[in-house]
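The structure under discussion appears below in the form of structure tokens.
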There are 4 protein chains.
Amino acid sequence: MEALLQSSRPLRADARRNREALLAAAREAFLTGEADAHVEEIARRAGVAVGTIYRHFETREALIEEVYRQEVDDLCAAPTELLNRHAPDEALRRFLLLLVEHSAVSKGMAVALESIMATDSPVFDDARTQMAQALDRLLEAGAAAGAIRGGVSGRTLLRALGGICGMRATEGWRDEAVRITAILFDGLRFGAQKAG
Amino acid sequence: MEALLQSSRPLRADARRNREALLAAAREAFLTGEADAHVEEIARRAGVAVGTIYRHFETREALIEEVYRQEVDDLCAAPTELLNRHAPDEALRRFLLLLVEHSAVSKGMAVALESIMATDSPVFDDARTQMAQALDRLLEAGAAAGAIRGGVSGRTLLRALGGICGMRATEGWRDEAVRITAILFDGLRFGAQKAG
Amino acid sequence: MEALLQSSRPLRADARRNREALLAAAREAFLTGEADAHVEEIARRAGVAVGTIYRHFETREALIEEVYRQEVDDLCAAPTELLNRHAPDEALRRFLLLLVEHSAVSKGMAVALESIMATDSPVFDDARTQMAQALDRLLEAGAAAGAIRGGVSGRTLLRALGGICGMRATEGWRDEAVRITAILFDGLRFGAQKAG
Amino acid sequence: MEALLQSSRPLRADARRNREALLAAAREAFLTGEADAHVEEIARRAGVAVGTIYRHFETREALIEEVYRQEVDDLCAAPTELLNRHAPDEALRRFLLLLVEHSAVSKGMAVALESIMATDSPVFDDARTQMAQALDRLLEAGAAAGAIRGGVSGRTLLRALGGICGMRATEGWRDEAVRITAILFDGLRFGAQKAG
DNA sequence: CATGAATGAGGATTCATTCAT
DNA sequence: GATGAATGAATCCTCATTCAT
């Protein structure tokens, strides 16, 4: 009934191992394309039984959510870094490409981005908010510097990116994704130029 | 096994009424957010029994497909019209806005666009192809006129639009959708200016 | 609710035609191997609608029963004829072979014989009784003439024949069926010789 | 999807109990005459939920097949034994009677034999092949010893036996079945005498 | 009389979740 | 803590039969 309280006390070594194995297996399962992988399948891949999933995660959805949250955590470290090293518009450009490249490398990431960005599922609320805030930071910095058109929210941009990053199935995907991302970026600069 | 031969002879009045009611109910069901509405539920909404669904549509998926096909048919009449009345780039701009406005008015259309554009589900293959071709026509005309950047396929643009049009849940959606669509359009023109 | 009272008054010409067409279609459907052909399918083959089936036959089973009864009627004319022309044992031998040959020629007949003989389904009660009586007549005549072992009922022999005649699917069926029928017949004579 | 790996490790005690209960319930269900007993019904009889059937058996048909396979396994141990103790023709005679007696004792066995022998259903392919081979062994041994007429396949004989063993519904079944089995056997010997 | 659209009670199967071992 | 067997609601689809047109 009550799933493991992660904060209360540190997990025993084997329990932690199981938790990690489950997350890895779930990531793997989604990466293989089965965003609707069954719990039995995920448990099997992790080398545990289904019961163990329910010891670590409230429900199947909670497991999925955690997988996606971790992916997003990794990505959302980037903007701060990029803003330290580059001009705001360049930082934005690089972040957009980063998302595309990650999607190109990892189908799991692509599915994650699509799910997070292009849906309203409450399962991904946290991840979505985090991503939107990361983009907001970049957009606002760019707008403040007069390099990027203002008036576009991270959430909105996210939508478009979700559509783009979800494309991975089609032939020649990567190039097209890079191209349309560049178009979006040009559009964002174009507006600023007009305004300025 | 083989459902209703639509071509053989016109449906009886009551049969047509039921068919329309089913399509309306299905549209309604998807509109209410249940893209995975159950056949029983759709039948109930249409005021018929499940068997009637299967008299009119091969499978549940065939019904869904038909709903989406109708929405798309309506939209895809537009490009030809627009190209007759406007310069290619203006026709493209108007078509992009048309998609957004339709999504603003009809949640069903928004869901349809998202499903058609942002997935690879074979269920929507026909609808997707039709939409991609509509955009291709506009993009090619624009590129031929030197007003639009070349090298972007309708399919790719569709992806981004799918993400955008699916946004309807959030507050202030319409304005943001119009804005980012404008950004995309600007990006497409921007490239052409560069090239030219 | 009440199906056509066949005796009350003669059918209109077109009604009779429909009834015949339905029986022919049903025979054809079973002959094609689908002993479980659906009513829609049978109606389609007969060039009528399902409603017409229910005007002529109480239920689907009643239609099947009638088909089988007709097949059996044809066969059961034979014993009388054979007993007029041949010695009782020869008449029996010929009748057994007649069943096999009919099954070889008509898959419908084979299915009919199997259904009638090798099951206890009340649907075929009448047909079964008729066949059993036909065999009884031959067996009794043979036993009375001292040429055939007594103590075997037509119903029992029918069972074995049903199994044999149902074999038509396998390769080289006809020869094996003829052979084992001959064995059965030899067994019936063999017993008589022993007894005599 | 893949049911229970029987080989991997022995079932837990309760699981084995359920598996046995399911097989017993299925046997019972068929015995009651419902060869088409529903999964819900079988589950109910076994005191489990439907899901448990699908944990143990791939499909409904797989369960049926297993029931029949077990019956056949029991029977097919006999021929080897009989050939060790008796002359080939006597072994054959006893095996034929064994089938009849088993059918007399167990309606389940009778139905099993009828299903296996008198149909071509792929569900019973394995069982049928096994039975046919058992008979082939006896027939060939008998033919080699000059005691039994050659040229009859086990498969063919099986058909006739299926018809006979399926008869259990009628009054005085057992005696008639024994008698006609004897006739078949006499026929098989009769041929050999002729040939020799 | 004929049509064929509609009915709706099944029936097989799936899978997230629970809980006895 | 872990196991994995059991649960059972949910879901799609079939098809004999009825009845409005």
Side-chain angles (χ1 to χ4, degrees), chain A residues 1 4 11-12 14-15 18 36-44 47-61 63, chain B residues 1 4-5 8-9 11-19 36-43 46-61 63, chain C residues 1 4 11-12 14-15 18 36-44 47-61 63, chain D residues 1 4 9 11-19 36-43 46-61 63:
Chain A
M1 199 51 65
L4 194 85
L11 291 169
R12 263 170 40 180
D14 58 342
N18 277 340
D36 54 346
H38 311 318
V39 287
E40 296 269 10
E41 170 68 8
I42 294 173
R44 201 184 55 68
V48 301
V50 279
T52 304
I53 287 187
Y54 288 92
R55 175 157 296 275
H56 289 282
F57 302 93
E58 204 78 69
T59 63
R60 178 181 177 278
E61 290 221 320
L63 167 58
Chain B
M1 204 46 66
L4 191 88
L5 313 176
S8 58
R9 77 176 108 164
L11 287 170
R12 248 165 50 180
D14 57 345
R16 187 199 308 286
R17 242 193 327 277
N18 277 335
R19 190 187 151 84
D36 53 346
H38 317 315
V39 286
E40 300 272 5
E41 170 67 10
I42 294 174
V48 301
V50 281
T52 303
I53 288 188
Y54 291 95
R55 170 164 289 274
H56 289 282
F57 303 94
E58 206 76 76
T59 62
R60 178 182 174 280
E61 290 221 321
L63 167 57
Chain C
M1 196 53 62
L4 192 86
L11 291 170
R12 263 170 39 182
D14 58 342
N18 278 340
D36 53 347
H38 311 316
V39 286
E40 297 269 9
E41 170 67 10
I42 294 173
R44 200 185 55 68
V48 302
V50 278
T52 304
I53 287 187
Y54 289 93
R55 174 158 296 274
H56 288 283
F57 302 94
E58 203 77 68
T59 63
R60 178 181 177 278
E61 290 220 322
L63 167 58
Chain D
M1 203 47 65
L4 191 89
R9 75 177 107 165
L11 287 172
R12 248 165 51 180
D14 57 344
R16 188 198 309 285
R17 241 189 333 274
N18 276 336
R19 191 186 151 84
D36 54 348
H38 316 315
V39 287
E40 300 271 6
E41 170 66 11
I42 294 173
V48 301
V50 280
T52 303
I53 287 189
Y54 290 94
R55 171 162 288 273
H56 289 283
F57 304 94
E58 206 76 75
T59 62
R60 178 182 174 279
E61 290 221 320
L63 166 58

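Just so we're on the same page: letters track the sequence lines, and every chain starts at 1.
C/Val50 comes within 4.0 angstrom of a base, heavy atoms only.
Applying the 4.0 Å criterion to OP1 and OP2 of E/dC1, one finds that C/Arg55 has every side-chain N and O outside that range. Distances shorter than 4.0 Å separate none of the side-chain N or O atoms of B/His38 from OP1 or OP2 on F/dA10. The shortest distance between the side-chain N/O atoms of C/Asn18 and the OP1/OP2 oxygens of E/dA2 is below 4.0 Å. Put simply, B/Thr52 has a side-chain N or O that comes within less than 4.0 Å of OP1 or OP2 on E/dT7.
Panel note: side chain A/Arg60, backbone A/Ala37; a donor-acceptor pair is recorded below 3.5 Å.
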Open item on the list: Wobble G-U and Watson-Crick pairs count when both distances are under 3.5 Å; given that, what is the 5' to 3' dot-bracket string of DNA chain E, with | for pairing to other strands?
Closed with: .||||||||||||||||||||
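Side-chain atoms of B/Asp14 lie closest to E/dA5 of the nucleotides E/dA5, F/dT17, F/dG8.
In this structure, D/Glu41 atom CD and E/dG10 atom P are separated by 13 Å, rounded to whole Å. The distance between atom CD1 of D/Ile53 and atom C1' of F/dA5, rounded to the nearest whole Å, is 14 Å. When the P atom of F/dT17 is taken as reference, atom CZ of C/Arg60 falls 8 Å away, rounded to whole Å. Note: CD (A/Glu40) to P (E/dA16) measures 8 Å, nearest angstrom. The interatomic distance linking D/Ile42 (CD1) with F/dT7 (P) rounds to 15 Å, in whole Å. Atom P of nucleotide E/dT17 and atom CZ of A/Phe57 are separated by 13 Å, given to the nearest angstrom. Atom pair B/Tyr54:OH and F/dC15:C1' shows a separation of 13 Å (rounding to whole Å applied).
Checking B/Ala49 against D/Thr59, the closest nucleotide of DNA chain E that is more toward the 5' end is the one next to B/Ala49.
With sequence neighbours excluded, the residues that form a side chain to side chain contact (heavy atoms under 4.5 Å, CB included) with B/Glu40 are B/Val50.
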